[in-house]
Amino acid sequence: MDHFIYRDGILHAEGVALPDIAATVGTPFYCYSAATLRRHYQLFTDALSPLPHLVCFAVKSCSNLAILRLLGDLGAGMDVVSGGEYLRARAAGVAGEKIVFSGVGKTRAEMRLALTDGVRQFNVESEPELRALSEVATAMGTTAPITLRVNPDVDAGTHDKIATGRKEDKFGIPIARAPGIYAEAARLPGLSVVGIDVHIGSQLTDLAPFEAAYRKVADLTRQLRADGHTISRLDLGGGLGIPYTRSNEVPPLPSDYGALIKRTVGDLGCEIEIEPGRLISGNAGILVSSVIWVKEGEGRKFLILDSAMNDLIRPAMYGAWHDIVPVGEPAPEAIPDVFDVVGPVCESGDTFARGRPLPPLAEGDLVAFRSAGAYGAVMASEYNSRPLVPEVLVHGDHFAVIRARPTFDEMLARDTIPEWL
Ligand SMILES: *Cc1c(COP(=O)(O)O)cnc(C)c1O
């Protein structure tokens, strides 16, 4: 459920009519609903209660400081995958003790940054990383809390580009080798083993792969404890999928996911961490765009929008589906037209949808891409020198611009022409 609904024939975000935002900030823009973000966070924390737990929002899904502040204020921790994300979480006011540092290629500089300013744990993904972290922490005279990210060799059954838990994926250490590497971690100075980490992929619409992975983690917990390690925390990753269409897909609910966690690892006496991104931010955001032209092609009609693949890359990158809805509610008797929905970028890949039935639309009409809050604005670029798409956060009857659209002057001012030219 989200808070993007028609009222008096106009699509609203909570209490704000989208054309009012468009009149202020121009199009395209991302728009998030604070109430939806809060609700999604709450669903997870309710699902895990009464187990001791921390919901660590995956910053990479939607990293605006205002969003991080909103979730941090509710008590969320953060899962970061770079020094930049770590700094974002800190700048949003999240304590280092609530920040989990994930990622397959952490640099020594990133390790130092997090060790200086505080970190809950590093989720270590390889032996070279383990040794480097030991060196860095020892040189700083400190101890780094760690888990090892294990790769359970489970196929998440999701899009190839976002499956991470199969043995051929670059992530984590093979679970069969975990006992040996935990032994090494225990021997190395400057490290303190606190638990186990696993993350098998994104947009999972079935609980079975989670169940398979978490059962393996439970077995590993018992084995590592028998070997003398302290396993007090289990980081179970993110990945729960969301509905991208109103109709067919029905992904599992956070409550089902919570019940699964209790069933598989709930008796181990561990603190549970999860790292949801998409399920918190995905359906809490939309991308609003205007129709530039309706163009008649050879046997097809193109709806040319002022948003493009540089603003929302998911359709081009993953073949992803986004529901596209007119901001003006169509009359019930309106006869749908069929459009190829495209942006102005000079790539055929700049196609949001082919043969999409939509109500009749004309130049200047506003449309909204639903489910665009996760992996939307964060993946935007300025390709074709289109200034970075702005972001707006709605709270009840108010909205705030939480990232302004750069002016053309600002965009050009970032380049430097050397004096010898
Ligand atoms: C991407 C990622 C997540 C979040 O995945 P979602 O599908 O957005 O929930 C969590 N943990 C790690 C390590 C990730 O790489």
Side-chain angles (χ1 to χ4, degrees), residues 37 40-41 43-44 47-48 54-63 67-68 71 76-82 84-86 88-89 98-106 110 119-126 129 146-152 154 156-166 169-173 195-207 209-210 213-214 217 233-244 249 251-254 257-258 261 272-285 314 317-318 320 371-379:
L37 289 162
H40 290 166
Y41 168 78
L43 288 175
F44 275 113
L48 291 181
L54 185 65
V55 177
C56 296
F57 176 60
V59 170
K60 75 172 194 268
S61 72
C62 186
S63 61
I67 306 281
L68 304 186
L71 293 168
M78 300 285 152
D79 170 57
V80 304
V81 294
S82 70
E85 285 191 357
Y86 175 85
R88 279 186 175 272
K98 289 181 126 178
I99 303 176
V100 169
F101 209 129
S102 299
V104 73
K106 304 173 198 77
E110 288 173 325
V119 65
R120 182 175 181 81
Q121 85 215 18
F122 291 92
N123 293 333
V124 174
E125 298 218 15
S126 66
E129 183 192 339
I146 64 148
T147 72
L148 290 179
R149 175 169 175 182
V150 295
N151 182 327
V154 166
T158 184
H159 189 281
D160 196 48
K161 285 197 171 77
I162 51 175
T164 60
R166 303 164 299 185
D169 297 319
K170 70 179 177 184
F171 299 97
I173 55 169
I196 306 173
D197 171 47
V198 69
H199 171 73
I200 57 172
S202 199
Q203 186 54 17
L204 273 73
T205 51
D206 176 12
L207 287 178
F210 285 119
Y214 296 171
V217 168
R233 253 182 225 168
L234 298 179
D235 182 337
L236 301 176
L240 197 57
I242 62 169
Y244 277 96
E249 273 175 283
L253 299 171
Y257 177 65
I261 288 174
I272 303 298
E273 296 164 346
I274 53 170
E275 304 169 342
R278 192 188 307 268
L279 203 140
I280 291 180
S281 56
N283 278 324
R314 297 189 67 260
M317 181 136 147
Y318 310 113
S371 315
Y375 309 104
V378 285
M379 290 182 127

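Keep in mind that what you see is a predicted model, and the values were worked out from it rather than measured. Atoms within each ligand, like the ligands themselves, are counted from 1 in listed order.
When only modelled atom types and interatomic distance are considered, E125 and N123 share no side-chain donor-acceptor pair under 3.5 Å.
Of all heavy-atom pairs between V100 and C56, the closest is CG2-SG, 3.8 Å.
Between the side chain of T147 and the backbone N or O of R233, no donor-acceptor pair lies under 3.5 Å. Looking only at distances, no side-chain donor or acceptor of D235 sits under 3.5 Å from a matching main-chain atom of G195.
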Would you mind writing out a table of all protein N or O atoms found under 3.5 Å from any N or O atom of ligand 1, naming both atoms and giving the distance to 0.1 Å?
{"unit_1": "ligand 1", "atom_1": "7 (O)", "unit_2": "S202", "atom_2": "OG", "d": "2.3"}
{"unit_1": "ligand 1", "atom_1": "8 (O)", "unit_2": "R278", "atom_2": "N", "d": "2.7"}
{"unit_1": "ligand 1", "atom_1": "8 (O)", "unit_2": "Y375", "atom_2": "OH", "d": "2.6"}
{"unit_1": "ligand 1", "atom_1": "9 (O)", "unit_2": "G239", "atom_2": "N", "d": "2.8"}
{"unit_1": "ligand 1", "atom_1": "9 (O)", "unit_2": "G277", "atom_2": "N", "d": "2.9"}
{"unit_1": "ligand 1", "atom_1": "11 (N)", "unit_2": "D79", "atom_2": "OD2", "d": "3.3"}
{"unit_1": "ligand 1", "atom_1": "11 (N)", "unit_2": "E275", "atom_2": "OE1", "d": "2.5"}
{"unit_1": "ligand 1", "atom_1": "15 (O)", "unit_2": "K60", "atom_2": "NZ", "d": "2.6"}

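The aromatic rings of Y86 and F101 lie parallel to each other, their planes meeting at an angle below 30°, with 60° marking the opposite boundary. Classified by interplanar angle (parallel below 30°, tilted 30° to 60°, perpendicular above 60°), the ring pair Y257/F44 is perpendicular.
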